[in-house]
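To find a chain, count down the sequence lines: A is the first, B the second, and so on, and within it residues start at 1. Only a predicted model underlies this, so the values are computations on that prediction, with no experimental measurement involved.
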There are 2 protein chains.
Amino acid sequence: MTMTNPPTAMTDALRQCIRGAGLKVTEPRLAVLHALDAMPHASADTVFGEVKNQLPGTSLQAVYGVLAALTAAGLLRKIEPAGSSARYERRTGDNHHHLVCTGCDVIKDVDCAVGEAPCLTAADAAGFEVREAEVTYWGLCAQCRHAA
Amino acid sequence: MTMTNPPTAMTDALRQCIRGAGLKVTEPRLAVLHALDAMPHASADTVFGEVKNQLPGTSLQAVYGVLAALTAAGLLRKIEPAGSSARYERRTGDNHHHLVCTGCDVIKDVDCAVGEAPCLTAADAAGFEVREAEVTYWGLCAQCRHAA
DNA sequence: AAGTTGTTTTGGGTAAATCAAAACAACTTT
DNA sequence: AAAGTTGTTTTGATTTACCCAAAACAACTT
């Protein structure tokens, strides 16, 4: 695992991204971020499949560890749609939501329907202090709609 | 399991409810509905704990089966908040949402913030046909807020 | 170049839920 | 009221996604 690739422009941006979050820059971390650039909303297992191509010898457990660390650092967002395993995406901090296809499980991003810091107002917050509102739209994607 | 309790007024309402959905009325089903009256948002395991008091000999597997059947029949709604096991509730068909406490995992119902059939309009539906919008508000309940 | 700290590997382990076959009970039909 | 049909429940095995902990190791610091 002493495989230090030449720092290309792309990996260099990723390096800064990781370092900037106060984390050590490692090949598995670069590989995970790189994989999620290509495949947003991928599961840990899917990321692992991609990562081990680029960096054979990486363990699934390492991928779980990397995903957890990067999520905790705010570099990734974790979503857990009902019925699926957890998915990860690089787009963070912008209060966007998700469309999930009930036919094929594909996930698409949607900007917030209501405005900038929008969905934070529950009609009756019942004494709760609401920190975040998460919206999931369930439906059929264009492709599955045509297939039906 | 040939324990047929006298049909009280309460169980009688439940019987009609089940029968009306075209399902056979069984003791485990009555017990599950009864348990969920007392504890909305309970997990399969929690329901099982309650049911086996009332109806010893009931298997956990039976509870899973009952929950799945009643959910499929529209008599129960299943919710799966990130980080928890699945929860079930009797309140169905009314497009309500949930407040989840990140401190103690308690769940409260909220009516929809936006109106009657409210959150069905994603700003950019990206070719999707949206069937349902699910909103989860994350925050701290009154109690956890005071404890902090 | 050596040391410190944080990361990854390895291997074991768990919780939640699913699957399938056989035993059984609810409703229907006669 | 009894027998038959269909749907439910039990039992037991299995799967999937994920966590835990110790030891090996690599990244950054001085």
Find the distance [X]:[atom1] to [N]:[atom2] and express it as a whole number of Å.
| X | N | atom1 | atom2 | answer |
| --- | --- | --- | --- | --- |
| A:Lys52 | C:dT8 | NZ | C1' | 17 Å |
| B:Gln16 | C:dA26 | CD | P | 18 Å |
| A:Leu60 | D:dC20 | CG | C1' | 14 Å |
| B:Glu27 | D:dT10 | CD | C1' | 16 Å |
| B:Lys78 | C:dA16 | NZ | P | 13 Å |
| A:Glu80 | D:dC19 | CD | C1' | 14 Å |
| B:Ile79 | C:dA16 | CD1 | P | 16 Å |
| A:Leu30 | D:dA27 | CG | C1' | 12 Å |

Among the nucleotides [options], which one has an atom lying closest to any side-chain atom of [X]?
| X | options | value |
| --- | --- | --- |
| B:Lys24 | D:dT6, C:dT9, D:dA27 | D:dT6 |
| A:Tyr64 | D:dT10, C:dG11, D:dC18 | D:dC18 |
| B:Ser59 | C:dT7, D:dT8, D:dT11 | D:dT11 |
| A:Arg19 | D:dT29, C:dA16, D:dT9 | D:dT29 |
| A:Ser85 | D:dA17, D:dT8, C:dA17 | D:dA17 |
| B:Gln61 | C:dT8, D:dA21, D:dT11 | D:dT11 |
| B:Val25 | C:dC27, C:dT8, D:dT11 | C:dC27 |

Between [X] and [Y] (side chain of the first, backbone of the second, donor and acceptor by atom type, cut-off under 3.5 Å), is there such a pair?
| X | Y | value |
| --- | --- | --- |
| B:Glu134 | A:Trp138 | no |
| A:Arg145 | B:Gly127 | yes |
| A:Ser43 | A:Ala86 | no |
| A:Arg87 | A:Pro81 | no |

May I ask which nucleotide in the shown strands pairs with D:dT30, Watson-Crick or G-U wobble, both distances under 3.5 Å?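 Base-paired to C:dA1.
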Give none if D:dC25 has no partner; otherwise give the nucleotide forming a Watson-Crick or G-U wobble pair with it, both distances under 3.5 Å.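 Check on D:dC25: paired to C:dG6, both distances under 3.5 Å.
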Below 4.0 Å: OP1/OP2 of D:dT9 and any side-chain N or O of B:Thr26: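 For D:dT9, OP1 or OP2 has a side-chain N or O of B:Thr26 closer than 4.0 Å.
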side-chain N/O A:Thr58 vs C:dT8 OP1/OP2, d < 4.0 Å: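 Result: no.
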Hey, which sits more toward the 5' end of DNA chain C by its nearest nucleotide, A:Val66 or B:Asp45?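 In this pair, the answer is A:Val66.
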Over all strands shown, is A:Ala86 touching base, sugar-phosphate only, or nothing at heavy-atom distances under 4.0 angstrom?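 Sugar-phosphate, no base atom in range.
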What are the two closest non-hydrogen atoms of A:Leu76 and A:Thr92, and how far apart are they?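 Closest pair (atom of A:Leu76, atom of A:Thr92, distance): C-CG2, 3.5 Å.
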Answer with yes or no whether the side chains of A:His98 and A:Asp109 bring together a donor and an acceptor at under 3.5 Å.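 A donor-acceptor contact under 3.5 Å links the two side chains.
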